[in-house]
Structure formats: structure tokens, C-alpha cells
Amino acid sequence: MATLGVFLLWVVLSLWCFATIEGRKACPQPDNKGPQVPCFFIFGDSLVDNGNNNDILTLARADYSPYGVDFPQGATGRFTNGRTFVDILAQLLGFPNYIPPYARARGRALLQGANFASGASGIRDETGNNLGDHMSMNQQVETFARYLQQMRKYLKGEANNTLSKCIYYSGLGSNDYLNNYFMRDYYSTGSQYTPRAYAASLIQDYTKQLTELYNLGARKIIVTGVGQIGCIPYQLARLDGNNGSRCNEEINSAISLFNSGLKGLVNRFNKGQLPGSRFVYLDSFESSQDLVLNARTYGFEVADEGCCGVGKNNGQITCLPLQTPCDDRRKYVFWDAFHPTETANILLAKKAYTSKSKSYAYPINIQQLAML
């Protein structure tokens with residue numbers, strides 16, 4: 001029955017992909033060769049979490065309606081109305097199924113990869129504690145190491161070769177600012193570090209975590225910068241409107257220091273610090289800024305408030321259980337106070353996959369990374 005269910009889901013998705021304009025834009029073209037890489041592993045926060053927080057005690061969860069209102073399986077724990085960035089990326093890479101949450105991967109399904117991302121998580125272990133339980137990046141890497149022990153039972157002597165061909169995605173850092181550094185009533189980092197020193201500390205910790213992934217067999221690694229979170233509905237709702245800026249530039253300025261350090265780290269890794277590896281840096285700040293500034297060019301009508309939320313900019317309180325969202329999600333850049341809509345995720349993923357501009361994917365795009 002499970003096999004029949006997967007087949008029927010594949011049929012429905014295939015019909016949608018080729019019978020609608022949105023489907024043809026979002027889905028990869030038929031590829032008789034199958035996936036472009038043997039497996040895909042995902043590390044990160046709520047931007048790419050697809051259900052790992054469902055069974056833990058936390059406020060950072062999305063396993064309730066209207067989350068998933070446009071997803072075939074409904075509310076699965078994805079923090080958006082439909083597919084996440086990595087769901088779409090998996091399709092573009094030719095995977096027939098979405099990459100599952102790590103806890104639900106069983107048997108030979110282990111071989112296509114797993115998603116270890118956890119909402120509210122960060123590079124620092126304490127990040128996100130204000131929201132409850134979660135898996136920090138250190139815990140995600142530790143869990144991945146245990147997961148590999150199961151994979152190796154199937155791969156046997158081919159394990160190292162296979163793992164070196166897989167793609168690894170890591171998107172962290174947003175919560176280290178939103179749910180740590182700039183939450184000064186709860187955390188002390190804002191008084192302990194200058195913005196530059198904090199960014200340097202994050203890069204130092206992240207270097208160790210990414211190096212551990214390398215030691216576990218990762219060679220093709222995507223890392224994302226932090227997006228323009230000073231301009232998300234949550235922050236816009238908290239501006240007094242008298243400073244002449246439409247965004248929280250203090251946060252954006254601090255994030256830029258981290259992003260600059262991360263791009264420098266990618267350069268060092270690619271120049272031999274981790275021999276045989278290839279890192280790609282996705283400039284989420286640039287791509288998210290482009291999406292907002294040129295919203296109408298991309299078909300959006302609303303770029304400063306969430307489709308679902310409460311209060312000013314629909315950003316004072318994020319999307320509540322059973323709340324009625326906006327009617328046409330395709331017109332909104334943001335789904336809730338923090339996260340993009342599926343339509344925005346489609347545009348961002350396609351840009352990262354095929355962009356010829358190094359402003360978005362550096363030094364190569366994801367399609368080129370897969371071909372290495």
C-alpha cells in the first residue's frame with residue numbers, strides 16, 4: 001500500500017507539473033537518467049525544516065493548518081503554505097520524492113538522503129532556547145553521523161565514493177540573530193560581543209561544523225548566507241516608522257558581516273583548506289532583497305506583510321492555528337511573519353540552481369555543482 005501511495009502521489013505531481021503553468025515553471029524537466037546526484041542531505045532551520053520539530057516540545061512548529069494549505073499532504077511541519085526551498089531543489093535535482101525528515105527515513109529510503117533541519121536552530125547551541133526544544137547545528141551533525149552508520153550497511157564498500165557525490169545543503173545563522181543576538185532580554189550575546197566579534201565567533205563555530213561534515217564524507221556542500229531579515233514582516237511590525245527606513249538596518253548591517261565572513265570561508269575551503277571539496281555560497285541577502293525590491297516584476301503584489309499573521313504587517317504574531325490566510329498566496333512574498341511563500345521559494349530555488357550570476361550562487365551554481 002505504501003508503494004501504491006507513493007506511485008499515486010508521483011502521478012498527481014507529474015500531472016500538475018506538466019498541466020499547469022506553475023507546474024511547468026517549478027518542476028524539473030523529465031530526466032530519464034534519474035537524480036543528478038545519489039543523495040541529498042539538508043541541515044538548517046525553519047526555512048527548510050519539513051517536520052523534524054513535530055514531535056518535540058517547542059513553539060517553533062508548523063504541523064497545523066493553515067500551514068501546508070497548498071501542499072498535497074497538508075500540514076507536515078513545513079513553515080510555509082507549500083513546498084520549501086529544498087523541496088523544489090530536490091525536484092530540480094531529479095529526485096522522484098521529497099527528501100524525508102531524518103526520523104522517518106527507513107530501509108533503502110535512507111540512501112536518497114535525509115533532512116536534519118530543525119526550526120529555531122542555529123550555529124550556537126543556545127540559540128532558539130526561548131522557543132523550546134530544537135536540534136542545533138551541532139546536534140544535527142551528530143545525528144547525521146549516527147544516520148551514516150545505517151547507510152553504510154547498505155552501501156558497504158561503496159559508502160565513501162557515494163557520499164562524496166551527494167549534495168549537502170546547510171542554511172544556518174538567521175536564528176543566531178533573531179533568537180539570540182538581538183533578543184537582549186533573554187540572551188547576553190548582544191552585550192558580550194560587538195556585531196563584528198559576534199559574526200567572527202559564529203564563523204569560527206560554523207567552520208568546525210562544516211569541517212566535521214567534510215570529515216564524515218561530504219564533498220559537495222552548499223552554504224547559504226542569511227537573508228535580509230531586517231525587512232521581514234516580523235521586523236517591519238516593530239519599526240516606529242520615524243527613522244526614515246523601511247527596514248531594521250541595524251540587523252541587516254550585522255548580518256552583512258556574517259555573510260561576508262561566510263563567503264570568505266567558502267573561498268578558503270575551495271582553495272585547499274579542505275582538499276577535494278567544492279563549496280557553493282548562496283547569497284540569500286542579495287536574492288531576498290531582489291525579490292522584495294522587484295516584487296512586481298516577479299508577479300507579487302505584497303512584499304511587506306505576511307499572507308497569514310496578526311497585527312501590523314501581519315507580523316506582530318505569526319500564523320495561528322486554523323487562521324484564515326490570504327486568498328491568493330501567489331501574490332505574496334511572505335507566507336507568515338518570517339518565512340517566504342511557496343511561490344517565492346520556487347523563484348529562489350530556480351535562481352540558485354541555474355543562475356549564471358555570481359551575485360546569487362558563487363563560484364558556481366547548484367546545477368554545475370551536481371555535475372562535478
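As the structure is a prediction and not an experimental result, all values here were calculated from the model.
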*Checking side-chain hydrogen bond (donor to acceptor under 3.5 Å, both in side chains) for the pair Asp49/Ser46: CA distance, chi angles, key distance, verdict?*
CA-CA 5 Å; Asp49 184 354; Ser46 58; over 6 Å; no
_Candidate pair Tyr67 and Asp336, rule side chain to side chain contact (heavy atoms under 4.5 Å, CB included), full reasoning_ = CA-CA 9 Å; Tyr67 285 92; Asp336 62 11; 2.7 Å; yes
*asked:* Cys326 vs Cys308, test: disulfide (SG to SG under 2.5 Å). Steps then yes/no.
replied: CA-CA 6 Å; Cys326 63; Cys308 184; over 6 Å; no
*Give the C-alpha distance, both sets of side-chain angles, the deciding distance and a yes or no for side-chain hydrogen bond (donor to acceptor under 3.5 Å, both in side chains) between Ser118 and Asn53.*
CA-CA 6 Å; Ser118 174; Asn53 276 19; 2.7 Å; yes
*Could you walk me through whether Phe338 and Thr318 pass side chain to side chain contact (heavy atoms under 4.5 Å, CB included), step by step?*
CA-CA 8 Å; Phe338 303 94; Thr318 199; 4.1 Å; yes
*Just do the side-chain hydrogen bond (donor to acceptor under 3.5 Å, both in side chains) check on Arg152 and Asn160 with the steps written out, would you?*
CA-CA 9 Å; Arg152 289 181 184 278; Asn160 291 342; 3.2 Å; yes
*With side chain to side chain contact (heavy atoms under 4.5 Å, CB included) as the test, would you mind laying out the steps for Met183 and Leu178 before giving the verdict?*
CA-CA 7 Å; Met183 191 169 280; Leu178 280 175; over 6 Å; no
_Using side chain to side chain contact (heavy atoms under 4.5 Å, CB included), reason through Leu282 and Ile366 one step at a time and then give a plain yes or no._
CA-CA 9 Å; Leu282 299 183; Ile366 295 174; 4.1 Å; yes
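When all heavy atoms are compared, the tightest approach of Thr211 to Leu274 is CG2-CD2, 4.1 Å. The two residues Val226 and Asn259 make their nearest non-hydrogen contact at N-OD1, 2.7 Å. When every heavy atom of Ala303 is checked against every heavy atom of Phe334, the shortest pair comes out as O-CE1, 3.4 Å. The two residues Pro38 and Thr162 come nearest to each other via the heavy atoms CG-O, 3.7 Å. Listed here is the closest heavy atom pair of Gly44 and Leu172: CA-CD2, 3.4 Å. Taking every heavy atom of both residues into account, Asp304 and Asn313 meet most closely at O-ND2, 2.7 Å.
A donor-acceptor contact shorter than 3.5 Å links the side chain of Ser191 to the backbone of Ser188. In terms of modelled atom types and a separation under 3.5 Å, the side chain of Gln323 and the main chain of Pro66 share no donor-acceptor contact. Not a single donor-acceptor pair under 3.5 Å links the side chain of Asn81 to the backbone N or O of Thr341. Without hydrogens or angle criteria, Arg296 side chain to Asn294 main chain gives no donor-acceptor distance under 3.5 Å. Counting only distance, with no hydrogens or angles, the side chain of Gln36 and the backbone of Leu92 share a donor-acceptor pair below 3.5 Å. With hydrogens and angles disregarded, a donor-acceptor distance shorter than 3.5 Å links the side chain of Lys220 to the backbone of Ala370. Formation of a donor-acceptor pair under 3.5 Å by the Gln368 side chain with backbone atoms of Asn365 is found in this model. The backbone N or O of Tyr360 lies less than 3.5 Å from no partner atom in the side chain of Lys351, so there is not a single donor-acceptor pair.
No side-chain donor from either of Asp45 and Ser121 sits under 3.5 Å from a side-chain acceptor of the other. Looking only at atom types and distance, the side chain of Asn179 has no donor-acceptor partner in the side chain of Tyr187 under 3.5 Å away. No hydrogens or angles considered: nothing links the side chains of Asp176 and Asn180 as a donor-acceptor pair under 3.5 Å. Judged by distance alone, the side chains of Ser287 and Asp290 never bring a donor and an acceptor atom under 3.5 Å apart. Using modelled atom types, one finds a donor on one side chain and an acceptor on the other under 3.5 Å when comparing Asp125 with Ser136. The closest side-chain donor-acceptor pair between Asn52 and Arg104, if any, does not fall under 3.5 angstrom.
The hydrophobic clustering, which links ILVMFWY residues whose side-chain heavy atoms are closer than 4.5 Å, places Ile232 and Leu320 apart. Both Leu213 and Leu148 are assigned to one and the same hydrophobic cluster, defined by single-linkage of ILVMFWY side chains at heavy-atom distances under 4.5 Å. Residue Leu372 is grouped with residue Tyr169 when hydrophobic side chains (ILVMFWY) are merged at heavy-atom distances under 4.5 angstrom, including chains of intermediate members. Under the 4.5 Å side-chain heavy-atom criterion for ILVMFWY residues, a single connected hydrophobic cluster contains both Tyr298 and Tyr353. Leu216 and Tyr154 fall within a single hydrophobic cluster, where Ile, Leu, Val, Met, Phe, Trp and Tyr side chains are chained together by heavy-atom contacts under 4.5 Å.
When each of Phe258, Tyr198, Tyr193, Tyr186 is paired with Tyr181, the ring-ring contact (aromatic ring centres under 6.0 Å, His included) condition holds for Tyr198 and for no other.
Ion pairing of Glu250 with Arg184 is present here, as a side-chain N (NZ or NE/NH1/NH2) and a carboxylate O approach within less than 4.0 Å.
Within the 4.5 Å cutoff, side-chain heavy atoms of Gln228 are placed close to those of Phe285. For the pair Val292 and Arg246, the minimum side-chain heavy-atom distance is below 4.5 Å. Counting heavy atoms from C-beta outward, Leu262 and Ile203 have side chains that approach closer than 4.5 Å. Side-chain contact between Ile221 and Ser277: absent, with no pair of heavy atoms (C-beta onward) separated by less than 4.5 Å. Here the side chains of Leu202 and Tyr177 are in contact, with some heavy-atom distance below 4.5 Å. No side-chain heavy atom of Leu93 sits under 4.5 Å from any side-chain heavy atom of Pro35. Residues Tyr214 and Pro275 have side chains in contact (heavy-atom distance under 4.5 Å, counting atoms from C-beta outward). Proximity of Asn50 to Thr76: side-chain heavy atoms (C-beta onward) are nowhere separated by under 4.5 Å.
Around the CD atom of Gln139, the shell of radius 6.0 Å holds more than 12 heavy atoms that belong to other residues, nucleotides or ligands.
The structure places CG of Asn314 at 5.0 Å from CD of Glu305, a figure rounded to the nearest 0.5 Å. Distance NE2/His134 to CD/Gln140: 9.0 Å, rounded to 0.5 Å. Summarising the geometry, atom CZ belonging to Arg83 is positioned 9.0 Å from atom OG1 belonging to Thr343; distances are rounded to the nearest 0.5 Å. One finds the CG atom of Leu239 at 9.0 Å from the CD atom of Glu249 (value rounded to the nearest 0.5 Å). Interatomic distance, CD1 of Ile123 versus CE of Met137, reported as 8.0 Å (0.5 Å rounding). A distance of 13.0 Å separates CG in Leu89 from CD1 in Ile346, rounded to the nearest 0.5 Å.
Between Tyr168 and Phe41, the ring planes lie parallel to each other; the angle is under 30°, not in the 30° to 60° tilted range. Aromatic ring orientation, Phe144 versus Phe116: perpendicular (interplanar angle above 60°, classes split at 30° and 60°).
Centroid-to-centroid, the aromatic rings of Phe79 and Trp335 stay 6.0 Å apart or farther.
For the pair Arg78 and Tyr98, the cation-pi test (distance below 6.0 Å, angle within 45°) is passed.
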